[in-house]
Amino acid sequence: MTLAFCGTENNSAAYKVNHGVLNNGCFVDALNVVPHVFLLFITFPILFIGWGSQSSKVHIHHSTWLHFPGHNLRWILTFILLFVLVCEIAEGIVSDGFSDSRHLHLYMPPGMAFLAAITSIVYYHNIETSNFPKLLIALLFYWTLAFITKTIKFVKFCDNKIGPPQLRFCLTGLLVLLYGMLLLVEINVIRVRRYVFFKKPKEVKPPEDLQDLGVRFLQPFVNLLSKGTYWWMNTFIRTAHKKPIDLKAIGKLPIAMRALTNYMLLNEAFKTQKNTDTPNPQGSKSIWCALCHAFGRPLVLSSTFRILADVLGFAGPLCVSGIVHHKEAANITSSLFPVGILKFLANAYVLAVLLFFALLLQRTFLQASYYVAIETGINLRGAIQTKIYNKIMRLSTSNMSMGEMTSGQICNLVAIDTNQLMWFFFLCPNLWAMPVQIIVGVLLLYYLLGISALIGAAVIIVLAPVQYFVATKLSQAQRSTLEYSNERLKKTNELLRGIKLLKLYAWEHIFHSSVEETRQKEMTSLRAFALYTSISIFMNAAIPIAAVLITFIVHAHVFKNADFSPSVAFASLSLFHILVTPLFLLSNSLGETHKIGTTLSSTLSSIDIRIPQGQLTMIVGQVGCGKSSLLLGILGEMQKVSGNVTWNSKPEPPSLTHSVSVGSVAYASQKPWLLNATVEENITFESPFNKQRYNAVIDACSLQPDIDILPHGDQTQIGERGINLSGGQRQRISVARALYQQTNVVFLDDPFSALDIHLSDHLMQEGILNMLRDDKRTVVLVTHKLQYLPHADWIIAMKDGTIQREGTLKDIQKSETELFEHWKTLMNRQDQELEKASVLDRKTLQSTVYSREALLQDDEEDEDETPESDDEDNLSSVFHQRAKMPWRACGKYLSSAGFLLLPLLVLSQLLKHSVMVSTDFWLAHWTWSAIAFRGAKNCSYEQIFTILCGLGIILCLITSIAVEWTGLKVAKKLHCLLLNKIILAPMRFFETTPLGSILNRFSADCNTIDQHIPATLECLSRSTLLCLSALAVISYVTPMFLIALVPLAVICYFIQKYFRVASRDLQQLDDSTQLPLLSHFSETVEGLTTIRAFRYESRFKQKLLEYTDANNIASLFLTAANRWLEVRMEYIGACVVLIAAVTSITDSLSHKLSSGLVGLGLTYALMVSNYLNWMVRNLADMELQLGAVKRFNSLIKTEAEKYEGLLSPAQIPQNWPDQGEIQIQNLCVRYDSTLKPVLKHVNAHISPGQKIGICGRTGSGKSSFSLAFFRMVDTFEGRIIIDGIDIAKLPLQTLRSRLSIILQDPILFSGTIRFNLDPEKKCSDSMLWEALEIAQLKHVVKALPGGLDASITEGGENFSQGQRQLFCLARAFVRKTSIFIMDEATASIDMATENILQKVVMTAFADRTVVTIAVSFGLVFAI
């Protein structure tokens, strides 16, 4: 075969110029090559020499990037140009035919034009990113020449009467239009930028975001091709494989995506909505209007992309139908005359190429729709979170204290509801595009199958309400599960926070049963959730099978003369699969908005006081008299019924609009509030660091010894709620924060409650008197320490919410003699305590420091050597296993299902997919025989097809139930194992493991195992088997496909390998950045009073914006990574379709392949991209979710305490211990076998009924001594004998249930007062009232609605600190044990109440052995 530009046939008209050169078609085609050659010669030297010579500028930094005018339009026109040129090349090849020579002029010019178009856009991109527009002059000349030459060709076509029926004429006209528009775009760049023909060119700087080198999220700034394919992510994904992704790697958010920008946008929308004349501007409709106004435009764009993608999705079935239908036709014409459009589209190879481009475009539009919708949702989430936070800053603290709005509710609002709103916005484009998809799908089915298609569509539509009903039930079950899950978490949280008390009182089984009871309710809801999930999965898989079965049987049986060829059957099969998806997605709902009301009773009444400026004012009174409420009222934190507060002689109550410098108050609350930050940051509290003042504050609060034993000194990170500090340390750091501030007003609410006498006196003298009063600062001090009253300039005495008396100490001495004498008695006692306490040497503290130091050292070692439970919460530990799949965790999960469910799960999946493939093969055979034996009827085809479809439907049901049932069984087993292990774990475990880490296992990880892993497992197994079966079918139909499969498989392997690592890191980063955000919300809610007192609202709002942006940038990168994967997998899928189509057409032309098998192969090829995507995504999700199983398993390995004893229950007397005699012989105690002892060779003898006091400085081993009675610490030498029995031989449950203890930190559980006093339900009401009377609480409880059945909120927040301590005393009194231990039980109680309790100990416990541990000597000396 010869090759020539114009052909080599004899007398070829291509070489004749009798009617002029321009009338010669070949010459005109040659003329059209000139502009393209010009561009290639001009641009190549600039691209490869100009940029190549400067190796440092090969990768131009994005700080120089900008977009020239008409950027997006240029890219769109270039893409259209490339597609039209491909069509022109194809038209030339089809027109050339099988002649003796090739006519290169038919396809060489468009080929050159194709190269030139690619070169033009590459050239433009390089010029644009380097901001050097003068070089665009080359493109101006190119577009001009190309437009002129193509116009000449179009005019000559018109002259030669070649019109619209010929494809060549249409393509040439389109090219003239495209070149003309690109020329106009180039002229517009000159007009705007003035880089030529103007004296002063316009200087344009890149966007402000790109000037900041910290911005690495480049999606808004890259060109259209990079946006569509996420090409800019390549470098990021590769880098992620080499080193872990952290916040520094992902950089900052672009300005337009930051939370502040979107919050301002949303606020403007709300203001606009309020200004409109609407009857209810605060209603939900108004909120939705504001959201749509602020974020509606991107959703419209996303919906447009989605509709375009859905319409292009129908190209697949139509092209498959065309390829199969025309496979035996004469596909290639032998005429040189231009072919028509219909003849061109009748070519099977052309259809294959068009299908390839349609798939590329459809997948690009689909991913663009997803990305825009998710990005909009993330921006919305950031704006809503910021708005919620600003609302919290104006929230009344009374709402919090009355339980009307809890920290948990706020966290749920931020963590769950805002995410649901985000995902609703993501689903909106799907919901709007569904009607278009359904209508077009039904119309195409009707076009292919006629009336029988409507019957099949009717099956899907009729079952759609059933799907909706199932989805509604699924949503209800999920809400019910969430409610029980929240209740279980609340109980688990209380169990973990009060674990020390539960172990000491031997109440583990009570709270274990309570949690298990709630878990059973949760499991009932989970069963309903699993049932409806399995039905939903089943219906999604079975409905297409049922619709296809009914349609094809009706079509073949009823309409006997209808066309039932492979082209019709397999195109219809693809359409049914497309049609089911939108109907299945119709079930999505939005959560409800809850309104909160407020009902409060008056706490303070008739308050009329004056606080002198620059002096020390003390507020004193009994527990619950309203001292703390008075401070809150002054700060504006209480709901004011009447009256006002005047500051500096001006009515200026604190408000949220004041700046930090005006009216700020240094406030230390009664319950210490600490940030999750370093010790130094907690003290300075974002004030400028002054070393001299800082050291003075540290000394005044006696914090230096504590700082010295912390692992990193004052740079040690304080855990959530100060979990790694003692109560006294938390109190002193909180006071140190108030002392450090340079405010004129200082409020201190009971700062001595957790401090011993020495520390209290030092703080009073050095801190309050020397640092505050001497500086003439206004100090208001709430205290029970009456010995400090002589230092007060002004005293306010309170009683029952009113002012009993105010004035100086001398005034009160004259006017209230009885009150003064009462105070004097208490002051004398406290002075005596101080004198006797001073005998203790200060070295006592230093002598016991080593135990604390060793404990901290051991904590650090544990963090390195611990099981994965602790490590998994730390991202750095995960990076060592970055490239490995957690197969061991997978095996643990599957093995937990048992030996019956696991084989059923595997076999049912394999059988289901085998039957589905067999059904499709049988359909191919049936439809081929319908053509081969036209007119002959064979019912066996229909019968076998029906049986196979029925079997497939049954297996779909079995597999869906098997997966969900497996998930249920594993979830139940793992939670039960974990709860049993945790509740029986030794106390040392809870001291060294962060509470948040354990709670995360029961919350996030448990939720993952309960609900997410079963669904992911089902999707992963289904997508993997579908992908493998599809590739197997294609390879069977066209074995040549295997050659192309190898490189595609290698590419897929590397894509998934790189993606999995990046996806896991980004997912973990997304989760880890959400934790500080939620913690910040929680911290703000708990410290709202302190923040507002300091006037630090703006600083905390700024922190919120930083945390929100960090979380959003991680979410955006994760979204971009998912799109990066899906685009590549979709493109690989499109390549699979193209290769399968070309090989099928080639085989069928040689009559080696039946049309049925061609249709089967192409139908499966169309689905490969979806299966690949889901397989890799689910693999990444499963890898991440199995981390929950891994962490569960590591905690399950925790060793339990030795609950069994050497003595059987029969050997232990029923009333033991009845005497209360204690013998301590050579006792040595340590917290762990790796630590030094905290008690050494202690010997003591306590007689029955004796009252013993144990005193000593902080860290001297007092509490360790008390814990030894309960075997809470390791007694490695010596023994304790109680009433003749060595406690080491007793079962732990028996030992701890026969003793009573009151701890320093009051612990109350949510529930009734009755439950808190007697959870075992052993006592009568009279016994409970007696205990309350002893604890001075009877009058308080009687005043409550319900009495003993009155509710206690979480943590006992509806009672004061002192009242909570009294409830704990009452709880201990209820237990009629002969041995009673009080561990600093009166720290939060005023002196008067303590005096009463001392008398109670002497009278009510006259026959009991009482061991009192105290840093205060009141109770000790009373004994």
Side-chain angles (χ1 to χ4, degrees), residues 459-460 463-478 481 523-549 576-577 580-581 583-588 890 893-894 896-898 900-919 948-972 1008-1029 1167 1170-1171 1174-1175 1177-1179 1181-1182 1185:
V459 171
I460 298 175
L463 289 174
V466 180
Q467 281 184 294
Y468 179 77
F469 172 77
V470 170
T472 306
K473 287 292 184 183
L474 184 63
S475 179
Q476 289 174 359
Q478 194 167 22
T481 303
M523 287 303 298
T524 304
S525 287
L526 274 173
R527 285 190 193 94
F529 177 79
L531 175 64
Y532 289 119
T533 301
S534 59
I535 293 172
S536 181
I537 293 169
F538 160 69
M539 291 188 74
N540 197 31
I543 285 174
I545 300 173
V548 167
L549 172 64
F576 274 119
H577 281 289
V580 164
T581 306
L583 290 170
F584 180 71
L585 289 175
L586 278 172
S587 54
N588 292 292
C890 186
Y893 181 86
L894 293 174
S896 299
L900 288 176
L901 275 176
L902 188 57
L904 176 65
L905 182 66
V906 175
L907 285 173
S908 61
Q909 288 280 10
L910 291 173
L911 277 172
K912 183 185 83 169
H913 288 89
S914 301
V915 168
M916 289 172 69
V917 171
S918 302
T919 305
L948 287 171
C949 286
L951 191 59
I953 290 171
I954 292 168
L955 286 169
C956 284
L957 181 61
I958 292 171
T959 53
S960 61
I961 291 174
V963 169
E964 291 300 324
W965 199 259
T966 301
L968 272 177
K969 188 169 181 182
V970 172
K972 183 178 181 181
T1008 298
I1009 293 169
D1010 287 351
Q1011 297 186 29
H1012 298 293
I1013 290 183
T1016 306
L1017 181 64
E1018 194 278 332
C1019 282
L1020 178 61
S1021 59
R1022 176 160 46 89
S1023 56
T1024 303
L1025 289 171
L1026 282 171
C1027 189
L1028 292 173
S1029 58
M1167 297 186 287
N1170 284 334
Y1171 300 155
W1174 281 109
M1175 185 176 73
R1177 285 284 299 279
N1178 285 313
L1179 191 65
D1181 289 346
M1182 180 57 77
Q1185 290 166 9

Taking all heavy atoms of [X] and all of [Y], pick out the closest pair and write down the distance.
{"X": "Leu968", "Y": "Ala530", "result": "CD1-CB, 3.7 Å"}
{"X": "Ile1013", "Y": "Met1182", "result": "O-CE, 3.9 Å"}
{"X": "Leu948", "Y": "Ser918", "result": "CD1-O, 4.0 Å"}
{"X": "Asp1010", "Y": "Ala971", "result": "OD1-CB, 3.0 Å"}
{"X": "Ile545", "Y": "Gly952", "result": "CD1-C, 4.5 Å"}
{"X": "Pro544", "Y": "Asn540", "result": "CD-O, 3.3 Å"}

I need the [X] [atom1] to [Y] [atom2] distance, nearest 0.5 Å.
{"X": "Leu526", "Y": "Gln478", "atom1": "CG", "atom2": "CD", "result": "10.0 Å"}
{"X": "Leu1028", "Y": "Met1175", "atom1": "CG", "atom2": "CE", "result": "7.0 Å"}
{"X": "Leu955", "Y": "Phe538", "atom1": "CG", "atom2": "CZ", "result": "10.5 Å"}
{"X": "Phe469", "Y": "Leu474", "atom1": "CZ", "atom2": "CG", "result": "11.5 Å"}
{"X": "Ile535", "Y": "Ile961", "atom1": "CD1", "atom2": "CD1", "result": "7.5 Å"}
{"X": "Thr1008", "Y": "Asp1181", "atom1": "OG1", "atom2": "CG", "result": "10.5 Å"}

Run the side-chain hydrogen bond (donor to acceptor under 3.5 Å, both in side chains) check on Thr1016 and Gln1185 step by step: do they pass?
CA-CA 9 Å; Thr1016 306; Gln1185 290 166 9; 2.8 Å; yes
Test Glu964 against every option in Leu1017, Leu531, Ile537 by the side chain to side chain contact (heavy atoms under 4.5 Å, CB included) rule and name the one that passes.
Ile537
Side chain Ser534, main chain Ser960, donor-acceptor under 3.5 Å:
no
Test item: Leu1026 and Met1167 side chains (from C-beta on) under 4.5 Å apart, heavy atoms
no
Side chain to side chain contact (heavy atoms under 4.5 Å, CB included) assessment of Ile953 paired with Leu957
CA-CA 7 Å; Ile953 290 171; Leu957 181 61; over 6 Å; no
Taking distance alone, no hydrogens or angles, what donor-acceptor pairs closer than 3.5 Å link side-chain atoms of residues 904-916 to residues at least two apart or in another chain?
unit_1: Ser908; atom_1: OG; unit_2: Leu904; atom_2: O; d: 2.7
unit_1: Ser908; atom_1: OG; unit_2: Leu905; atom_2: O; d: 3.0
unit_1: Gln909; atom_1: NE2; unit_2: Ser1021; atom_2: OG; d: 3.0
unit_1: His913; atom_1: ND1; unit_2: Gln909; atom_2: O; d: 2.9
unit_1: Ser914; atom_1: OG; unit_2: Leu910; atom_2: O; d: 2.7

